[in-house]
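Below you'll find the structure, written out as structure tokens, and then a few comments.
Computed from a predicted model, the values in this text were never measured in an experiment.
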Amino acid sequence: MQAQIQKTTATQAAEQAQDHVNNERLQNAIAALAQFGGRDDGGVARETLTPVDLAARRHLIDLARSLGCEVEIDECANLFFRRPGSTDLPPVLTGSHADTQPVGGKLDGAYGVIAGLEVIAALNDAGITTRRAIEVVAWTNEEGSRFGPGAMGSSAYVEPERLPAYRAVLDKDQISFGDALDVCLAEAGDVPRRAARRPLDSCVELHIEQGPVLERAGAALGVVDGIQSVRWFRVVCTGMAAHAGTTPMDERSDAMAAAVGIAQQLYAHAAKEAASNVRLTLGRWQVGPNSVNTIPGTVEFTIDMRCVDASVLDRFEQLLHSATADFPWRGSITVECFFSRAPTHFPESMLSLIERACTRASAQAQRAAPLHLTSGAFHDAMYLADYCPTAMIFVPSKGGISHNAAEETAPEELLLGAQALAYTVVELASR
């Protein structure tokens with residue numbers, strides 16, 4: 001009986017919080033953060049730990065403090081904005097990241113941080129005190145555009161032993177991530193430091209979809225079941241550079257011919273696997289000597305394979321190794337897997353809660369029921385899922401566009417996402 005009363009109370013608090021989300025305040029806060037690195041084309045240029053990013057961080061600190069939050073920062077410069085609860089139980093975490101691509105949009109990542117702070121503002125308005133603290137996080141370097149890899153902040157939170165290697169990574173100007181971190185931490189000298197790997201009850205990340213699935217389905221909210229498995233490969237074909245006009249076709253060791261032949265086999269296999277929703281991208285090509293009248297002596301290209309079913313990627317990898325080992329030519333081919341991540345499956349208990357939150361928000365707005373989908377992009381939630389019960393909520397992206405100044409989501413859909421987030425986080429924090 002007591003458990004049922006507690007659950008009912010948690011649901012009532014969740015509904016009250018959802019109903020107190022303020023759309024005007026949410027939109028104004030999104031616009032205010034977009035001023036940091038804002039461009040004339042509507043995009044935002046706010047790469048991680050640059051001066052404009054540090055200014056945006058200070059803006060977020062001031063905003064969180066104005067809402068009564070306690071603010072902390074850890075050794076990877078992840079910012080935590082805490083609204084205390086009535087107990088010392090592990091907190092519920094929400095948030096995302098505030099850094100962008102060199103030219104990105106105003107919503108990717110930033111929306112999740114601002115919506116988390118709006119949940120706190122809604123709780124203040126409703127006069128609700130949750131049992132667990134609620135923390136909003138702004139993770140460092142999710143994008144990975146200045147320093148690679150991406151999601152440094154969230155992965156270092158879960159596995160602090162990663163941080164020393166991350167600190168040695170250099171950007172294009174030979175500035176180390178460690179040096180940039182130290183500047184950021186010094187600027188945040190008034191913010192208390194936070195220990196690594198603090199216990200968390202659960203984590204919910206709200207994000208724009210960055211794809212076309214929700215918009216095509218007419219759904220305003222998405223329940224994210226998980227994140228696709230991914231494997232990245234580097235293929236190097238080494239032949240012999242030679243004169244384009246004097247070397248007969250049957251005597252060439254043409255690295256480009258080998259690379260194209262392998263690519264054709266991969267694309268043909270992707271077509272056969274279309275029903276599995278596999279994603280194949282051959283994204284980066286480097287050709288040597290890269291001259292119009294010289295047969296390529298070396299070609300290096302990358303392969304990005306993604307699918308929620310890891311066995312599909314196993315078949316792709318087998319094909320890749322077979323194609324490169326048996327290719328009939330005079331040169332050599334090497335294959336290196338330089339990143340691999342198993343699929344992320346969010347727990348059913350979290351998905352059921354998010355389904356209820358999204359259904360209530362959608363119904364009140366007279367919108368279609370939420371849609372279940374899998375994320376094709378990486379998110380910080382991918383690493384948090386290894387640490388505590390985690391899930392994600394998506395809102396649509398117009399035209400499926402993201403990492404672009406044209407990135408946009410309708411204001412009413414941004415509101416619904418924040419409302420669904422409020423319900424989810426508050427019910428978790430009230431248990």
Decide salt bridge (Lys or Arg N to Asp or Glu O under 4.0 Å) for R194 and E72; before the verdict, give the C-alpha distance in whole Å, the side-chain angles of both, and the deciding distance to 0.1 Å. CA-CA 6 Å; R194 178 190 180 103; E72 293 181 315; 3.0 Å; yes

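- Between the side chains of H97 and D380, not a single donor N or O lies within less than 3.5 Å of an accepting N or O.
- Within a 6.0 Å radius of CG in D173, more than 12 heavy atoms belonging to other residues, nucleotides or ligands are found.
- Remark: D19 pairs with R360, Q364 by the side chain to side chain contact (heavy atoms under 4.5 Å, CB included) rule, at least two apart or across chains.
- Remark: D190 CG is packed, more than 12 non-hydrogen atoms of other residues, nucleotides or ligands lying under 6.0 Å away.
- Annotation: the span from C184 atom SG to F177 atom CZ amounts to 9.0 Å, rounded to 0.5 Å.
- Salt bridge annotation for R167-D179: absent, with no cationic side-chain nitrogen under 4.0 angstrom from a carboxylate oxygen.
- Looking at R25 and E118, a side-chain N of the basic residue comes within less than 4.0 Å of a carboxylate O on the acidic one, giving a salt bridge.
- Residue-environment remark: CZ (R65) exceeds the threshold of 12 foreign heavy atoms within 6.0 Å.
- Shown here are the salt bridge (charged side-chain N to carboxylate O under 4.0 Å, His left out) partners of R231, two or more places apart in sequence or in another chain: D314, E317.
- For D304, the side-chain hydrogen bond (donor to acceptor under 3.5 Å, both in side chains) partners at least two apart in sequence or on another chain are W232, R306.
- Ion pairing between K106 and E408 fails under the 4.0 Å rule for side-chain N and carboxylate O.
- The 12-atom threshold is not exceeded at CD of E24, counting heavy atoms of other residues, nucleotides or ligands nearer than 6.0 Å.
- Electrostatic pairing of E159 and R197 does not count as a salt bridge here, judged by no charged N lying under 4.0 Å from a carboxylate O.
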